[in-house]
Protein chains: 2
Amino acid sequence: MANRIIDGLQQAIFEHRLLPGTRLPEDEVGQVYGVSRTIVRSALQSLAHSQLVTIEKNRGAFIASPSIREANEVFEARALIEPRVAGMAASRIEALNLAKLKDHIAAEHAAMAAGDKGTALALSGKFHVEIARIAAHDVFTDFVQSLVKRSSLIIALYWKRPDTTCESHSHNALMDAFTDGDRQAAEEIMRSHIVDLHSGLDLTVKDEKPVSLADALKF
Amino acid sequence: MANRIIDGLQQAIFEHRLLPGTRLPEDEVGQVYGVSRTIVRSALQSLAHSQLVTIEKNRGAFIASPSIREANEVFEARALIEPRVAGMAASRIEALNLAKLKDHIAAEHAAMAAGDKGTALALSGKFHVEIARIAAHDVFTDFVQSLVKRSSLIIALYWKRPDTTCESHSHNALMDAFTDGDRQAAEEIMRSHIVDLHSGLDLTVKDEKPVSLADALKF
DNA sequence: CAATTCAATATTGTATACATTTTTTAATCA
DNA sequence: TGATTAAAAAATGTATACAATATTGAATTG
């Protein structure tokens, strides 16, 4: 079924094993998952709808390469939506959720300690989605999920300091606000956290994503 | 190509010619548009991703029936996002855009005067998308577009007063704010407009969307 | 007569075949 | 050699065929 492929590719994108510009030939993907092109096409179209994949007519599918402009827009959107979502989560959070979030952070730390950067990065993104789930607002959850996924590609392209950890200090601060059920604090911490992430990107125009060799050398 | 089908179905949904719960057999749709099921499936999956269509495994596609909860969430999201978007539009609007919006409102009035309720309704929704386009923020535009589409189904299900016009008084007020380039005013008018629309819905739980005869009688 | 079972029918799920387009490779020519 | 063209190969776009599932309706049974 297409979901296996969608999940597989998404996870690979999350963990930066698949980088922007990578070609995704239908046959090749189909062979990996042991399905026909029919299923692969369905999966690729779904990913294209989420803006994780770009489909060029008669040329095929590629891992998307968000532009600098798109990167800014995605983080502007996150800065508007996620603080609201964090506030909602703080209002209705329960012990069970707190424990789950704590586990999540622990797993992230563990992965980082083990040097498994990809997993740590993926977990760090999913933390935000988890908060949206706690807020129990499906529409916002879908938005956050979509924005977090796209952020993964943006970070792959524009993150300033490759060795620096996507510090989860803010995540701990959020945990505190949640524990206190402090809506106001959760909102404010999340807002500054997003702004922080945004400012961790190098979005100055230089060569506007060369990305794939093919695209880069074609002038 | 699938786009023709997507646009056709979307327009029909916009104009309330296709109502929530309606079945969409692949063969039938394919015959209407003169294409094979391959294309139809692609179109239906795309519409499902936009939440305009629900696909049930081995059962097929139906026009979506948003729940009361979903209806509330959609308008909460609009209340957060659209005021921001309206403000951005007010900041950067130009004469050309103003003229276009004016035409849009005129067309809406004309349709209403001609008793063409469906067209008027569709135009009324597209007015909001047009504003997002002027704001020139692709991420927000996509969100607004998605939310407006879903609103069309929500209105079909829950609009309180079937004969009452979806008054475009607010649209005129917005035009004034845009003309003045008054960001603050645009934001505030949009916010109250969305709240107004929301309150025009009957979202009290009664029989939670019977909608399709099939679903309604199966208990 | 109501309920149930089972065959017939219709619909969706997936793979494959063929058409079209793009990309690559080889050959030709200046 | 470098550029251009032509043929070959590879990839995508679409239709169709077949398999699996769901629905319908008639026949059967209590």
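Chain letters run A, B, ... following the sequence lines, proteins first, then strands; residues in each count from 1. The structure presented is a predicted model; accordingly, all values stated were derived computationally and were not measured.
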Using whole Å, what does the distance between atom [atom2] of nucleotide [N] and atom [atom1] of [X] come to?
X: A/Glu28; N: D/dA9; atom1: CD; atom2: P; answer: 20 Å
X: B/Leu24; N: C/dT12; atom1: CG; atom2: C1'; answer: 14 Å
X: A/Asp27; N: D/dA10; atom1: CG; atom2: P; answer: 11 Å
X: B/Glu56; N: C/dT11; atom1: CD; atom2: C1'; answer: 13 Å
X: A/Met1; N: D/dT21; atom1: CE; atom2: P; answer: 12 Å
X: B/Arg23; N: C/dT12; atom1: CZ; atom2: C1'; answer: 9 Å
X: A/Phe62; N: D/dA11; atom1: CZ; atom2: P; answer: 12 Å
X: B/Asn58; N: D/dA19; atom1: CG; atom2: P; answer: 16 Å

Is a salt bridge present between B/Glu108 and B/Lys126, judged by a nitrogen-to-oxygen distance below 4.0 Å?
->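 Here B/Glu108 does not pair with B/Lys126 in a salt bridge, since their nearest N and O are not under 4.0 Å apart.
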
With nearest nucleotides of DNA chain C determined for B/Ile55 and A/Lys57 from heavy-atom distances, which residue corresponds to the more 5′ nucleotide?
->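 Nearest-nucleotide comparison on DNA chain C picks B/Ile55.
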
Please answer whether the main-chain N or O of A/Glu70 pairs with a side-chain N or O of A/Ser67 as donor and acceptor at a distance below 3.5 Å.
->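 Yes, A/Ser67 side chain to A/Glu70 backbone: donor-acceptor pair under 3.5 Å.
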
Donor-acceptor pair, A/Tyr158 side chain versus A/Pro66 backbone, under 3.5 Å?
->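 Yes; judged by distance alone, with no hydrogens or angles, the pair exists.
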
Scan residues 33-45 of chain B against DNA chain C and write down, sorted by residue number, each residue with any heavy atom closer than 4.0 Å; if none is found, say none.
->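 The answer is B/Arg37, B/Arg41.
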
Check the side chains of A/Glu130 and A/His104 for a donor-acceptor pair under 3.5 angstrom, ignoring hydrogens and angles.
->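 Judged by distance alone, the side chains do not pair up.
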
Close aromatic pair by centroid cut-off 6.0 Å: A/His193 and A/His128 |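 Yes.
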
Ring pair (Phe, Tyr, Trp, His ring centres under 6.0 Å): which pairs involve residues 9-29 of chain B, sequence neighbours left out?
->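 Counting only pairs at least two positions apart or across chains, no ring pair (Phe, Tyr, Trp, His ring centres under 6.0 Å) contact touches residues 9-29 of chain B.
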
